[in-house]
Q: 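Sending over a structure as structure tokens; questions will come in a sec.
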Amino acid sequence: MTPISLKYTDRTDRAFGLCGMAMALFVYDAEQYIGTLSLDAPADAGITFTPDFFVTSNPNLSVKSVWASSLKHFQLVTAMVLANMLSRTLARRKTNPERDVRRSLVLHLIEEGQHACGLEASEVEALCDNSFNYIQRLLCHPTVNTAVNAMAAELEQQATLSRERILYFLIPLSRL
């Protein structure tokens with residue numbers, strides 16, 4: 001059995017993955033968190049976020065408010081992870097992701113969901129299924145697919161995209 005690798009295969013693969021993450025933030029109404037995309041940044045810094053993305057909980061808030069905020073943040077992270085993978089497979093390769101790759105991502109997200117929000121495995125799986133299906137439908141839409149492909153091509157050519165340039169590609173999606 002071949003080990004599962006989630007690593008980028010080349011610069012084009014990374015460009016599609018990063019653009020998928022930006023697209024996920026946009027379609028989940030979290031575009032205020034989009035910073036920049038960079039192919040030359042270290043592996044964990046290809047996408048930068050605005051400082052608001054990292055806001056820590058206010059100790060004066062209720063436990064319910066803190067948990068709701070943590071859940072929303074986890075949902076965004078889940079959407080970005082899945083959009084990264086789906087953009088690389090659907091938008092770039094025009095194929096569905098391998099079942100083992102999807103399962104591997106879900107297992108990692110189950111751990112994170114339990115740690116970040118105290119979610120049960122079944123709750124994380126349901127959240128992943130919903131996000132996966134939504135992002136998959138989006139990437140099959142011609143307008144979304146065209147936007148992600150164009151953004152990835154420019155990112156690969158320029159190596160870095162500013163927030164303004166990212167939104168240039170994504171704002172037409174708000175009319176869908």
Side-chain angles (χ1 to χ4, degrees), residues 4-8 13-35 37 44 46-47 49-50 52-55 57 61-149 151-152 166-167 169-176:
I4 297 168
S5 176
L6 301 174
K7 292 183 179 185
Y8 297 118
D13 199 46
R14 187 168 190 210
F16 271 91
L18 294 174
C19 290
M21 293 172 76
M23 183 268 307
L25 285 171
F26 187 82
V27 300
Y28 277 79
D29 295 325
E31 67 271 3
Q32 71 272 18
Y33 300 133
I34 297 172
L37 299 178
D44 61 345
I47 183 169
F49 303 98
T50 60
D52 292 343
F53 185 77
F54 302 102
V55 172
S57 300
L61 295 176
S62 70
V63 172
K64 183 177 179 180
S65 295
V66 171
W67 183 83
S69 176
S70 295
L71 178 62
K72 181 178 180 186
H73 195 267
F74 176 69
Q75 288 172 320
L76 288 175
V77 168
T78 297
M80 286 189 295
V81 166
L82 294 172
N84 181 304
M85 183 255 308
L86 284 167
S87 180
R88 293 162 59 194
T89 55
L90 288 174
R92 179 181 184 203
R93 295 184 194 96
K94 312 294 188 240
T95 63
N96 286 313
E98 295 178 23
R99 182 171 283 140
D100 290 346
V101 171
R102 179 179 175 178
R103 187 67 193 149
S104 178
L105 284 176
V106 171
L107 290 174
H108 289 292
L109 289 167
I110 286 171
E111 282 183 40
E112 182 62 26
Q114 290 170 338
H115 173 71
C117 307
L119 296 175
E120 299 291 326
S122 60
E123 294 171 312
V124 175
E125 287 174 349
L127 192 147
C128 287
D129 286 344
N130 289 339
S131 291
F132 183 93
N133 292 333
Y134 179 59
I135 294 165
Q136 185 177 41
R137 281 193 317 272
L138 282 171
L139 286 169
C140 289
H141 190 284
T143 303
V144 176
N145 194 288
T146 299
V148 170
N149 274 276
M151 185 171 30
I166 296 165
L167 292 176
F169 290 103
L170 297 177
I171 286 177
L173 305 183
S174 63
R175 294 189 285 264
L176 298 178

Q: Of all the heavy-atom pairs spanning C117 and S70, show the shortest one and how long it is.
A: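 That would be SG-O, 3.5 Å.
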
Q: Can you name the side-chain contact (heavy atoms from CB on, under 4.5 Å) partners of E111, sequence neighbours left out?
A: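 side-chain contact (heavy atoms from CB on, under 4.5 Å) list for E111, sorted by chain: empty.
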
Q: I need the L176 CG to H141 NE2 distance, nearest 0.5 Å.
A: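 The CG atom of L176 sits 5.0 Å away from the NE2 atom of H141.
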
Q: Would you say the side-chain atoms of N149 and N145 include a donor-acceptor pair closer than 3.5 Å?
A: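 Indeed, the side chains of N149 and N145 share at least one donor-acceptor pair under 3.5 Å.
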
Q: Which heavy atom of A15 sits nearest to which heavy atom of A152, and what is that distance?
A: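 Looks like CB-O, 3.7 Å.
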
Q: Could K72 and D29 be called an ion pair, given the rule that one side-chain N must be under 4.0 Å from one carboxylate O?
A: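 Looking at K72 and D29, the cut-off is not met.
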
Q: Could you point out which residue of V148, N133, V144, L86 forms a side chain to side chain contact (heavy atoms under 4.5 Å, CB included) with L138?
A: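 Considering V148, N133, V144, L86, a side chain to side chain contact (heavy atoms under 4.5 Å, CB included) with L138 is found only for V144.
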
Q: Which heavy atom in A22 sits nearest to a heavy atom in L170, and how many Å separate them?
A: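 So the minimum-distance heavy-atom pair works out to O-CD1, 3.7 Å.
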
Q: Between W67 and L71, is any pair of side-chain heavy atoms under 4.5 Å apart?
A: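 SC-SC contact between W67 and L71 confirmed.
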
Q: Is D129 close to R102 at the side-chain level, that is, under 4.5 Å between some pair of heavy atoms?
A: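 A side-chain contact under 4.5 Å exists here.
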
Q: Hey, is CD on E120 packed in by over 12 heavy atoms from elsewhere, all under 6.0 Å?
A: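 Result for CD/E120: open.
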
Q: Under 4.5 Å between any side-chain heavy atoms of M21 and N84, yes or no?
A: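 Yes, close enough: below the 4.5 Å cut-off.
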
Q: Tell me whether the count of non-hydrogen atoms from other residues, nucleotides or ligands lying under 6.0 Å of CD in Q114 goes above 12.
A: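 Yes, the 6.0 Å shell around CD holds more than 12 heavy atoms from other groups.
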
Q: I'd like to check T89 versus V101 (side-chain heavy atoms, cut-off strictly below 4.5 Å). Are they in contact?
A: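 With C-beta onward as the side chain, the pair stays apart.
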
Q: Start with the C-alpha gap between F132 and V106, add the side-chain angles, then the distance that decides, and say whether side chain to side chain contact (heavy atoms under 4.5 Å, CB included) holds.
A: CA-CA 10 Å; F132 183 93; V106 171; over 6 Å; no

Q: What residues, two or more places apart in sequence or in another chain, satisfy ring-ring contact (aromatic ring centres under 6.0 Å, His included) together with F53?
A: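 Residues passing ring-ring contact (aromatic ring centres under 6.0 Å, His included) with F53: Y33, F49, H73.
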
Q: Is L90 close to T95 at the side-chain level, that is, under 4.5 Å between some pair of heavy atoms?
A: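 SC-SC contact between T95 and L90 ruled out.
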
Q: Are the side chains of F169 and C19 in touch, meaning some heavy atoms are under 4.5 Å apart?
A: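 F169 does not reach C19 side chain to side chain.
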
Q: Looking at I34, is its backbone amide N or carbonyl O close enough to the side chain of T50 to form a donor-acceptor pair, meaning the two atoms are under 3.5 Å apart?
A: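 The answer is no, because no donor-acceptor pair under 3.5 Å joins these two groups.
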
Q: Hey, could you give me the CE/OG distance between M85 and S104, rounded to the nearest 0.5 Å?
A: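 Rounded to the nearest 0.5 Å, the CE-OG separation comes out at 9.5 Å.
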
Q: With a 4.5 Å limit on heavy-atom distance, are the side chains of M23 and L139 in contact?
A: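 The answer is yes, as the side chains (C-beta and beyond) meet within the 4.5 Å cut-off.
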
Q: Checking T143 against T146: is there a side-chain donor and acceptor pair closer than 3.5 Å?
A: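 There is no such pair (donor and acceptor under 3.5 Å, judged by atom type) between the side chains of T146 and T143.
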
Q: Could you measure the distance from the SG atom of C128 to the CD1 atom of I110? Nearest 0.5 Å is fine.
A: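 If I round to the nearest 0.5 Å, the distance is 7.0 Å.
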
Q: Would you call D13 and R93 a salt bridge, using N to O less than 4.0 angstrom?
A: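 Yes, this pair counts.
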
Q: Ignoring hydrogens, what is the shortest heavy-atom contact between G20 and S87? Give both atom names and the distance.
A: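 Looking at all heavy atoms of both residues, the closest pair is CA-CB, 3.7 Å.
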
Q: Does K7, at its NZ atom, have more than 12 non-hydrogen atoms belonging to other residues, nucleotides or ligands within less than 6.0 Å?
A: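 Counting neighbours around NZ of K7, 12 or fewer heavy atoms of other residues, nucleotides or ligands fall under 6.0 Å, so no.
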
Q: Give, for atom CG of L119 and atom CG of L127, the distance between the pair rounded to the nearest 0.5 Å.
A: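 The distance works out to 7.5 Å.
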
Q: Are F16 and Y8 close enough that their ring centers fall under 6.0 Å?
A: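 Not close enough - the centres of the two rings lie 6.0 Å or further apart.
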
Q: Could you give the distance from OG (S131) to CG (L76), rounded to the nearest 0.5 Å?
A: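 Going from the OG atom of S131 to the CG atom of L76 covers 9.0 Å.
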
Q: Is the shortest heavy-atom distance from the side chain of V124 to the side chain of F74 under 4.5 Å?
A: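 Answer yes - side chains close enough.
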
Q: Return the OG1 to CD distance between T78 and E112, rounded to the nearest 0.5 Å.
A: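 So the OG1 of T78 and the CD of E112 are separated by 8.0 Å.
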
